[in-house]
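Below is one structure, written out as structure tokens; comments come after it.
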Amino acid sequence: MKRSIWAGFLVAAFLLISACASHRYTVLEPRNKELTDYQILEIRDFKCNLGDSDSKALAERFADRLYLNILKDRKEHPDEIIFDKVVRKTQKTEGVLLLDGTVISFEKGSRAKRYLLGFGSGKAYCTIQSNFTDKHSNENIMKLNFDGELSMGIFGGSVDEAVQGVVEAYLEYFDDYFANQRSKK
């Protein structure tokens with residue numbers, strides 16, 4: 001009986017402490033060329049279609065955040081790399097895939113509602129639409145949406161967790177792409 005109570009307490013504590021964040025990517029226009037045809041991924045400054053200052057500030061910071069997270073992931077998984085280099089800017093055009101992103105939705109939600117009610121109330125979310133373009137030919141290679149959301153967490157969680165979810169969606173897409181390429185060999 002004591003073990004059941006203890007186990008119930010641990011599960012409840014885990015649910016209270018952990019954040020219920022999720023992420024996903026959606027392919028809007030499938031790729032018409034393999035990413036492995038490119039040696040360099042150039043991440044350009046992101047734009048914002050929204051008028052509020054929080055969304056604009058997110059767009060200004062996001063490219064650097066994504067870049068640093070990709071570099072960290074490459075360091076942690078050196079045998080799972082698609083591009084030889086990932087850069088913020090390069091003068092090269094041959095073999096360069098451009099990543100242009102636009103913040104198309106961003107809602108900070110209500111931290112109090114996430115804390116007090118949870119389960120979707122006061123949800124924070126972010127969606128960034130990304131176009132991947134051949135820098136040399138200006139050909140559109142693919143278009144995807146990357147989403148992150150936070151529905152609850154300790155003390156309501158931070159909206160930053162939803163934004164990090166978007167970063168995780170990018171990393172997941174590249175990981176899934178790499179895994180699919182490896183299985184073709």
Side-chain angles (χ1 to χ4, degrees), residues 18-29 35 38 40-78 80-92 96-115 120 122-135 140-178:
S18 68
C20 290
S22 64
H23 61 271
R24 69 180 171 278
Y25 61 86
T26 306
V27 177
L28 301 175
E29 294 176 16
L35 300 184
Y38 299 92
I40 300 172
L41 174 65
E42 180 179 337
I43 303 172
R44 299 209 288 198
D45 290 339
F46 281 39
K47 297 176 180 79
C48 182
N49 281 353
L50 307 172
D52 65 285
S53 60
D54 289 332
S55 299
K56 290 177 182 178
L58 169 64
E60 288 175 9
R61 295 185 316 267
F62 194 82
D64 288 329
R65 181 177 187 158
L66 179 61
Y67 171 72
L68 293 173
N69 275 268
I70 289 174
L71 292 182
K72 179 182 174 196
D73 189 66
R74 289 167 59 92
K75 189 179 275 188
E76 291 172 358
H77 305 98
E80 298 177 6
I81 293 174
I82 299 170
F83 307 101
D84 295 337
K85 287 182 175 179
V86 177
V87 298
R88 287 285 280 123
K89 188 158 184 69
T90 182
Q91 298 301 317
K92 294 182 181 182
V96 178
L97 183 65
L98 295 175
L99 166 55
D100 290 297
T102 304
V103 176
I104 61 172
S105 75
F106 179 60
E107 178 61 49
K108 290 171 64 172
S110 169
R111 189 174 198 155
K113 284 183 180 178
R114 288 192 300 270
Y115 176 63
K123 179 170 65 173
Y125 58 87
C126 179
T127 301
I128 295 180
Q129 192 166 88
S130 294
N131 289 301
F132 293 81
T133 309
D134 184 303
K135 189 173 184 177
N140 187 36
I141 304 303
M142 63 184 175
K143 184 179 197 177
L144 292 94
N145 278 356
F146 295 91
D147 303 290
E149 62 182 43
L150 172 70
S151 57
M152 62 190 263
I154 188 165
F155 304 116
S158 167
V159 69
D160 190 60
E161 293 172 61
V163 174
Q164 186 60 29
V166 177
V167 171
E168 297 299 325
Y170 278 96
L171 296 175
E172 183 176 296
Y173 178 78
F174 291 134
D175 287 346
D176 289 350
Y177 181 84
F178 181 84

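Note that the numbering runs from 1 along the sequence shown for the chain.
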Criterion side-chain contact (heavy atoms from CB on, under 4.5 Å) on D175 and D73, from CA distance to verdict:
CA-CA 10 Å; D175 287 346; D73 189 66; 3.8 Å; yes
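Inter-residue side-chain proximity for L35 and F83 is flagged as met; some heavy-atom pair is nearer than 4.5 Å. Contact check for R65 versus V167: side-chain heavy atoms found under the 4.5 Å cut-off. Looking at heavy atoms from C-beta onward, N145 lies out of side-chain contact with R24 at the 4.5 angstrom threshold. Considering only heavy atoms from C-beta on, L50 stays 4.5 Å or farther from L58 through its side chain. Counting heavy atoms from C-beta outward, D84 and I40 have side chains that stay 4.5 Å or more apart. Annotation: side chain of L97 is not in contact with side chain of L99 (no heavy-atom distance under 4.5 Å). The side-chain heavy atoms of F174 and I70, taken from C-beta on, include a pair separated by under 4.5 Å. In this structure the side chain of Y173 reaches within 4.5 angstrom of the side chain of M142, judged on heavy atoms.
Here the closest heavy-atom approach between residue F46 and residue A63 is recorded as CD1-CB, 3.6 Å. The two residues R44 and D100 have their closest heavy-atom pair at NE-OD1, 2.8 Å. Closest approach of A59 to K47, counting heavy atoms only: CB-O, 3.5 Å. For the residue pair V86 and L71, the shortest heavy atom distance occurs at O-CD2, 4.3 Å. The shortest non-hydrogen separation linking Q129 to K143 is OE1-CE, 3.3 Å. In this structure, I81 and R74 approach most closely via the heavy-atom pair CG2-NH1, 3.0 Å.
Taken to the nearest 0.5 Å, the OG1 atom of T102 stands 7.0 Å off from the CG atom of N131. Interatomic distance, CG of L98 versus CZ of F132, reported as 10.5 Å (0.5 Å rounding). Rounding to the nearest 0.5 Å gives a distance of 13.0 Å between CG of D45 and CZ of F62. With rounding to the nearest 0.5 Å, the separation of CZ in R88 from CG in L68 is 9.0 Å. Taken from NZ in K89 to CD in Q91, the straight-line distance is 6.0 Å, to the nearest 0.5 Å. Interatomic distance, F178 CZ to L171 CG, rounded to the nearest 0.5 Å: 14.0 Å.
For the pairing with I104, the side-chain contact (heavy atoms from CB on, under 4.5 Å) check across I128, N49, D147 returns one residue only, N49.
Counting only distance, with no hydrogens or angles, the side chain of K135 and the backbone of T90 share a donor-acceptor pair below 3.5 Å. No side-chain donor-acceptor contact under 3.5 Å links Y170 to the backbone of L66.
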